Amino acid sequence: MWLARRTHGAGGGRVFGYARGQGAMMFGFAFVCLVETLTMSVLLRDYPTVHQMVFVLDVYTIVFVVGVHAACVVRPHVLDPDVLRIRRAVHVDLRLPVDRIAAVRRELRTTHEHADGELDIPVGAQTTVTVELAEPVAHFGFFGRRRDIHLVRFHADDADSLVQALGQALAGAVTQARSAPSPRPDLPA
C-alpha cells in the first residue's frame, strides 16, 4: 500500500498524516542497521553459522523499521462527518465520536506527563493537537487493557488544517442539534 500511495481505512473521510516528523529518523535508523549488517558480515566471516544467524536478524530489523514507518504512512488520522479516527501505525486506532468532542486546539507539547484519563500519542516526542471530550471514551491498549480517557493529545503534520476541519465538523454537529425539532411537551392531565 505504501508503494502504491494508498491509505488503509480512510473510506470517504479526510486524511491527515503524521509520519513526516519521524521519516528522517526512521530512515536514519534503517541506514545504521544496514551499516551494522555489513560490519557484522565482515567481522563474522570466519564463523559461518553465527554469521548467518546475525545476518537474518539484521535483515529482519531493517525490514521491521521500514515496515513500521510504512504502517504510519498508510494509516493516517481520518476525519469523517461522525467520527475522528486517531491512529498510530497498527498500535493505536482510537475512534472519537464528533458529538463527544468538547474542544479542539492546536497545542505544541514536547513533554508529556502520564495522567489518569489522558492519552498522549506523540510522534518524534511531540504532540500538536489537543482534543478535550465532553464524555469519556474507552481506549483499549495494545494488550487489551481498557482506559477511559477524557483528553487526547496527538501529532498531525498539518495540525492547523486538522483543527480547522474538526472545528467545522463540531460547528455542523451543533447546528444539527439546534435545528432539530423540539420535543412536544406533555399535556397536563
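What you see is a predicted model, and the numbers here were worked out from it, not measured in a lab.
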Take Val54 and Thr37, measure what side chain to side chain contact (heavy atoms under 4.5 Å, CB included) needs, and give me the verdict at the end.
-> CA-CA 8 Å; Val54 170; Thr37 301; over 6 Å; no
Should Leu94 and Leu119 be marked as a side chain to side chain contact (heavy atoms under 4.5 Å, CB included) after you check the CA-CA gap, both sets of side-chain angles, and the distance that decides it?
-> CA-CA 10 Å; Leu94 178 64; Leu119 178 65; 3.8 Å; yes
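At a threshold of 4.5 Å between non-hydrogen side-chain atoms, the residues Val66 and Val68 do not count as touching. Taking 4.5 Å as the limit, some side-chain heavy atom of Val152 sits within range of a side-chain heavy atom of Leu96. Between Asp148 and Val137 the shortest side-chain heavy-atom distance does not fall below 4.5 Å. No side-chain heavy atom of Thr127 sits under 4.5 Å from any side-chain heavy atom of Glu107. Residues Asp58 and Met40 meet the side-chain proximity criterion, which asks for heavy atoms closer than 4.5 Å. At a threshold of 4.5 Å between non-hydrogen side-chain atoms, the residues Arg109 and Gln126 do not count as touching.
In terms of heavy-atom proximity, Cys33 sits nearest to Ile62 at CB-CG1, 3.6 Å. When all heavy atoms of Ala115 and Arg147 are compared, the closest pair comes out as O-NH2, 3.9 Å.
Of the possible polar contacts, none joining the His51 side chain to the Leu44 backbone as a donor-acceptor pair under 3.5 Å is found. In terms of modelled atom types and a separation under 3.5 Å, the side chain of Arg87 and the main chain of Val92 share no donor-acceptor contact. Side-chain atoms of His77 do not come within 3.5 Å of backbone N or O of Phe154 as any donor-acceptor pair. Within the 3.5 Å criterion, the main-chain N or O of Ala156 finds a donor-acceptor partner in the side chain of Thr128.
The existence of a salt bridge linking Asp93 and Arg85 is confirmed by a sub-4.0 Å separation between a basic side-chain nitrogen and an acidic carboxylate oxygen.
In this structure, CD1 in Ile101 is found 12.0 Å from CD in Glu135, a value given to the nearest 0.5 Å. Remark: Leu151 CG to Asp116 CG distance equals 12.0 Å, nearest 0.5 Å. Taking CZ of Phe29 as the start and CG of Leu34 as the end, the distance is 12.5 Å to the nearest 0.5 Å. Note that the CZ atom of Arg100 and the CG atom of Leu84 stand 13.5 Å from one another [nearest 0.5 Å]. Rounding to the nearest 0.5 angstrom, the gap separating the CZ atom in Arg153 from the CD atom in Glu132 is 9.0 Å. Here the CD atom belonging to Glu36 is positioned 10.0 Å from the CG atom belonging to Leu43, to the nearest 0.5 angstrom.
In terms of hydrophobic clustering, with Ile, Leu, Val, Met, Phe, Trp and Tyr side chains grouped at heavy-atom distances under 4.5 Å, Val83 and Ile149 are assigned to different clusters. Val123 and Val129 fall into different hydrophobic clusters, where Ile, Leu, Val, Met, Phe, Trp and Tyr are joined by side-chain heavy atoms under 4.5 Å apart, directly or via other members.
Around CZ of Phe140, the count of heavy atoms belonging to other residues, nucleotides or ligands within 6.0 Å exceeds 12. Within a 6.0 Å sphere centred on CG of Asp46, other residues, nucleotides and ligands contribute more than 12 heavy atoms.
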Show which side-chain atoms of residues 16-28 pair as donor or acceptor with protein atoms under 3.5 Å away, not counting sequence neighbours.
| from | atom 1 | to | atom 2 | distance (Å) |
| --- | --- | --- | --- | --- |
| Tyr18 | OH | Cys72 | O | 3.4 |
| Tyr18 | OH | Arg75 | O | 2.9 |
| Tyr18 | OH | Ala89 | N | 2.8 |
| Gln22 | OE1 | Arg88 | NH2 | 3.3 |

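Val104 pairs with exactly one of Val98, Val131, Leu162 by the side chain to side chain contact (heavy atoms under 4.5 Å, CB included) rule, that one being Val131.
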